[in-house]
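Just so you know, residue 1 is the first one in the sequence shown, and it goes up from there. As the structure lists them, so they are numbered: ligands from 1, and atoms in each ligand from 1.
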Amino acid sequence: MEHIPALEQLRAAVGVIERYCAYTPQVGIILGSGMGALTDAITDRQVISYADIPHFPVSTVSGHAGALVMGSLAGRYVAILQGRAHYYEGYSMQQITLPVRVLRLLGVHTLIVTNAAGALNSAFAPGDLMVIRDHINLVGMAGANPLRGPNLDELGPRFPDMSHAYDPDLCTLARNVAQKRAIPLHEGVYVCVAGPSFETPAEVRFLRLIGGDAVGMSTAPEVTVARHAGMRVLGVSGISNVAIDQPASERVTSHDEVLEAAKIIVPRLTELIRGVLGELPLP
Ligand code: HPA
């Protein structure tokens, strides 16, 4: 039986965080590889190391800081997960998604999820942004769904709907903000793979064939848990590399390439997220 985080575990984490922070965060943000600089724009900042929060998984990957940053951004109270743990690090799907459930219990109703991803769509280039219209959770479909095991009825239903996993209104808002600020923004389908090895060229061609525009090793489990708990989700991929689809190619994919592209992605993403936050209709 999978280890499902008990409500008591979630509440223990919530209790510690509430001791640091007097207000209720409205929006949660998860930052992808190398995107930590987005938290520089936060005011009234409270930083809590994951190591100090009960049951929070700590990422072992460079580019992932491992801190919950709370404060104010574009007039909204935000809770930012700076760094995430991944399935490939050896954590269970339930462990890597625990922070999202904790955000929900803290009061977060809207989640902005970011990631670094490889381009499958040939129109995309490193440094580009893609708003996620939908995802294919290959890992989840193969059995590793974070909701596997007893359902936490207090958070959501046994069989949550995923037909609007990425909120259409938030996608439209992101598109409008991008247009107004002249930030180039693609739109597409994110495919979640387990990693940590990058894809073979045959796998890249397969992922394109099934409808993927970008590929990465995160996000879909977090979004599944967020939707289960009724959160609205906006997803944005920063394209860090072009996935290599031909064995004859002389290029290779590396984590350094991913971190390098983040330097171009972060300023654009920061501006996009600030713009979205500023115009976000609150329920
Ligand atoms: N494949 C999978 N995950 C990734 C990639 C990629 O090419 N780039 C960044 N994360």
Original post:
Would a hydrophobic clustering, with Ile, Leu, Val, Met, Phe, Trp and Tyr connected at side-chain separations under 4.5 Å, put Val236 with Ile183?
Top reply: yes
Original post:
Do Tyr87 and Thr97 come within less than 4.5 Å of each other through their side chains, counting heavy atoms only?
Top reply: no
**OP:** For ligand 1, would you mind listing the residues that have at least one heavy atom less than 4.0 Å away, ordered by chain and number?
**Re:** Ala116, Ala117, Gly118, Phe198, Glu199, Val215, Gly216, Met217, Ser240, Asn241, Val258
Original post:
Can you pull the side chain to side chain donor-acceptor pair (under 3.5 Å) pairs that have at least one residue in residues 10-27, sequence neighbours excluded?
Top reply: none
**OP:** Sequence neighbours left out, what pairs pass side chain to side chain donor-acceptor pair (under 3.5 Å) with at least one residue falling in residues 115-136?
**Re:** Asn115-Thr219, Asn115-Ser237, Asn121-Asp213, Asp128-His186, Arg133-Glu187, His135-Tyr166
Original post:
Which of these, Val108, Ile112, Leu103, Val276, sits in a side chain to side chain contact (heavy atoms under 4.5 Å, CB included) with Val27?
Top reply: Ile112
**OP:** Apply salt bridge (Lys or Arg N to Asp or Glu O under 4.0 Å) to Arg208 and list each qualifying residue two or more places apart in sequence or on a separate chain.
**Re:** Asp245
